[in-house]
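As the structure is a prediction and not an experimental result, all values here were calculated from the model. Numbers restart at 1 for each chain; the letters A, B, ... are given by sequence-line order, proteins then strands.
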Protein chains: 2
Amino acid sequence: MGFKKNRIKLEDIANKLNLSIATVSRALDQNPRVKQSTREKVIQTANDMGYMPNQIAKSLSSGKTNIIGVIIPRYDEPFFIEVCRGIDHYVSTHNYKILISSSRNSFDSEVENLASFERGLVDGIILSPTHETKTFSHIKNVINAGIPVVLFDNIIEEMHGADHVLIDDKKAAFSAVEFFIKKGKKQIAFIGGAKEKKVFKDRFEGYKEALNTYNIPMNQNLILHCNSLDRKSDNIEINSFFNSPQIKPDAVFTCTDNYGLLTMKTLLKLGYKIPEDISVIGFGDLGLADVFVPSLTCVAQPSFEMGQKVAELLINQLSEPENINHQKKVITLDTKIILRESTP
Amino acid sequence: MGFKKNRIKLEDIANKLNLSIATVSRALDQNPRVKQSTREKVIQTANDMGYMPNQIAKSLSSGKTNIIGVIIPRYDEPFFIEVCRGIDHYVSTHNYKILISSSRNSFDSEVENLASFERGLVDGIILSPTHETKTFSHIKNVINAGIPVVLFDNIIEEMHGADHVLIDDKKAAFSAVEFFIKKGKKQIAFIGGAKEKKVFKDRFEGYKEALNTYNIPMNQNLILHCNSLDRKSDNIEINSFFNSPQIKPDAVFTCTDNYGLLTMKTLLKLGYKIPEDISVIGFGDLGLADVFVPSLTCVAQPSFEMGQKVAELLINQLSEPENINHQKKVITLDTKIILRESTP
DNA sequence: CTGTTAGCGCATTCAC
DNA sequence: GTGAATGCGCTAACAG
């Protein structure tokens, strides 16, 4: 039993003032059933003695910790950090804190993290599933255990049993490609990530649909699905893609900002002029899209807002009288294209 | 009193097996003082019944939460995220989790966050002080309350009462500027941030000392201390700095990667060739220093390692028999220059 | 090896 | 208005 020094507790205050613990507790709790003069005395002595309530004891007694658990696939992705900022921003005004952990893009780790949160440490959970996550039962279990879960990004059909927030990836990609087409582009390349990941699949769908809609034949040589997980390898893949002689795109739609920047880097090195010879659109609008020369036109994803929204959904569930028959909510946020120098 | 559904507890298992709660607890706890057959029965039933230990109850009883509180000045700075990754990496192997909160560069908020952690939620605290933080008493208080605190980055003298991890900012800046000088540069510009911030002050000292050492006169027109707090305003400041006609530097040392990238952006727009006309060195080596065209030479700061180290110091304190007369440790990590295209 | 008992610090019901 | 008693779920002495 490790004890934090000689912490002051309610009992100490009670003894000093010849009051009961209950009264001291009530006095500190804004409970009206206590004389004004007593309250003042209690508050005064509490301050003098340097009293700090024990959050753990409070939690055990009250059944709530005022902590929200957040599970993201990785830390080093500005998108997730922005979402976390949004979450933090919202919940902090409701007296909650967030406990962030990373699943490191591993399903097993996601399950582990959930289990750890289920041990009563958090009142609710916000989760962004990994691309390995194909099933929903681990999440369902937590919800059944009485802990609300709200999801964002990368949601698959099976998960529609929980509230979630996402953007319309297909539509967003469609509009970016449509933008190119309307500018007269014919050879539009697509650069995405691992095909198993829902968001990349959807964006690819949007790409295909745009081409279809405008009767532009799809060319497999203009399509790249990066499989690597770090930027260095991405760079290599993208490099060799554009170095292939068969490829002569006049526009590139990339599924992340990083892909967009790496694409521009590669193209510049190859002597292309952007946007004169070729245009590029990225996806996300975080990080340094606006710093690069030329700056990168992007599909802007409302990350911060997504965090706020997902937090709002969770807090709402937490303050509902009882989660009986909670009506599942799906929120789709809008994206928009931010025009910069990489497009005409 | 909000209750999590009908959670299985030790008592339920005990009842079902006609055992005492204590025995069940011991069986689940790897305690050797329990018959093998009993242990197996208990573990089996616990699994069958879907038992999840209540972390809060455990914490109250044991006096430790296995949570480390982390306070950083802001989320949207890759440096801090990297440090957090390092912390997480280290503590997760020691069965700890991290609770991150941001002081939003405000001293008051830092104090608040500390107080909140002092309420018994965390076993130890890792803190990176804001640049507003000029005093140490709020930290001292927490330490006196028996909660170990380890600091990193932006440490001032007064704080030497706590373990901390930092880099030698002055030396790092000195070596970068020395690098320029040895390449024959004479007009070396300095771009830093708010002068109140310790790290910027130290880097400026290093800059001055390098010039001094090599008998190069310092030119006030070549020095910029950015006062803004966001990238957009930084951009404006840097822009107007280089647009001033008096300025003709042949090299620029910047105190962050972002300043470095913004500087290159500005210079490229002005028609400079990098590194032919002018060289640039950034500081940090995070984010997209290697993606930019040209890629940015940097003083590399070992952020992830810093996180690991600071976590190690904290965990060590937590596992010491008693914090009696703990010998304060100061760890200085090495930096190195990563050569890229922005320098000859 | 197992059971009994007594906390951990606070909130809350029920008396007075 | 205030106090005494009970419980939150689990750990850890102390017995046996």
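- Protein atom CG of B:L19 is 11 Å distant from nucleotide atom P of C:dT4, rounded to whole Å.
- Rounding to whole angstrom units, CD of residue A:E11 and C1' of C:dC8 are separated by 11 Å.
- When rounded to the nearest whole Å, the span between CZ of A:R119 and C1' of D:dC10 equals 14 Å.
- The nucleotide whose nearest atom lies closest to any side-chain atom of A:R33 is, among C:dG3, D:dG9, C:dA15, C:dA15.
- Which of D:dG9, C:dC1, C:dT13 sits closest to the side chain of A:R26 comes down to C:dT13.
- Side chain of B:L60, nearest nucleotide from C:dC8, D:dT2, C:dC10: C:dC8.
- A:K35 has its NZ atom 14 Å from the C1' atom of D:dG3, to the nearest Å.
- Nearest approach of A:H138 to A:L114, heavy atoms of both residues: CD2-CD1, 3.5 Å.
- In this structure, A:I56 reaches neither bases nor backbone, as no heavy-atom distance under 4.0 Å exists between it and the strands shown.
- In terms of phosphate contacts, B:Y51 brings a side-chain nitrogen or oxygen within less than 4.0 Å of OP1 or OP2 of D:dC10.
- Among C:dG3, D:dG9, D:dA4, the nucleotide with an atom closest to any side-chain atom of B:K9 is D:dG9.
- Between B:K64 and B:Y96, some side-chain heavy-atom pair lies under the 4.5 Å cut-off.
- Spacing between atom CE of A:M52 and atom P of C:dC10 amounts to 12 Å, rounded to whole angstrom units.
- Taking the side chain as every heavy atom from C-beta outward, A:I98 and B:I100 never approach each other to under 4.5 Å.
- A salt bridge does not link A:D29 with A:K58: none of the charged nitrogens is closer than 4.0 Å to a carboxylate oxygen.
- The distance between atom CD1 of A:I13 and atom P of D:dT2, rounded to the nearest whole Å, is 15 Å.
- Within the 4.0 angstrom heavy-atom criterion, only backbone atoms of the sugar-phosphate kind lie near A:N18; the bases stay farther away.
- Checking D:dG9, C:dA11, D:dT11 against every side-chain atom of A:L10, the shortest atom distance belongs to C:dA11.
- Rounded to a whole Å, the CZ atom of A:R7 is 14 Å from the P atom of C:dC8.
- For the pair A:S25 and C:dA11, the criterion of a side-chain N or O lying under 4.0 Å from OP1 or OP2 is met.
- Here C:dT12 presents its P atom at 14 Å from CD of A:Q30, a figure rounded to the nearest Å.
- Across all their heavy atoms, A:S101 and A:Y75 have their closest contact at CA-OH, 3.7 Å.
- Under 4.0 angstrom from either OP1 or OP2 of C:dG3 there lies at least one side-chain N or O belonging to B:T23.
- Taking the nucleotide of DNA chain C with the nearest heavy atom to each of B:A57 and B:T38, the more 5' of the two is matched to B:T38.
- Within the nucleic acid shown, A:S59 has no heavy atom closer than 4.0 Å to any nucleic acid atom.
- Applying the 4.0 Å criterion to OP1 and OP2 of C:dC10, one finds that A:S61 has every side-chain N and O outside that range.
- A donor atom on one side chain and an acceptor atom on the other are not found under 3.5 Å apart for A:E40 and A:Q44.
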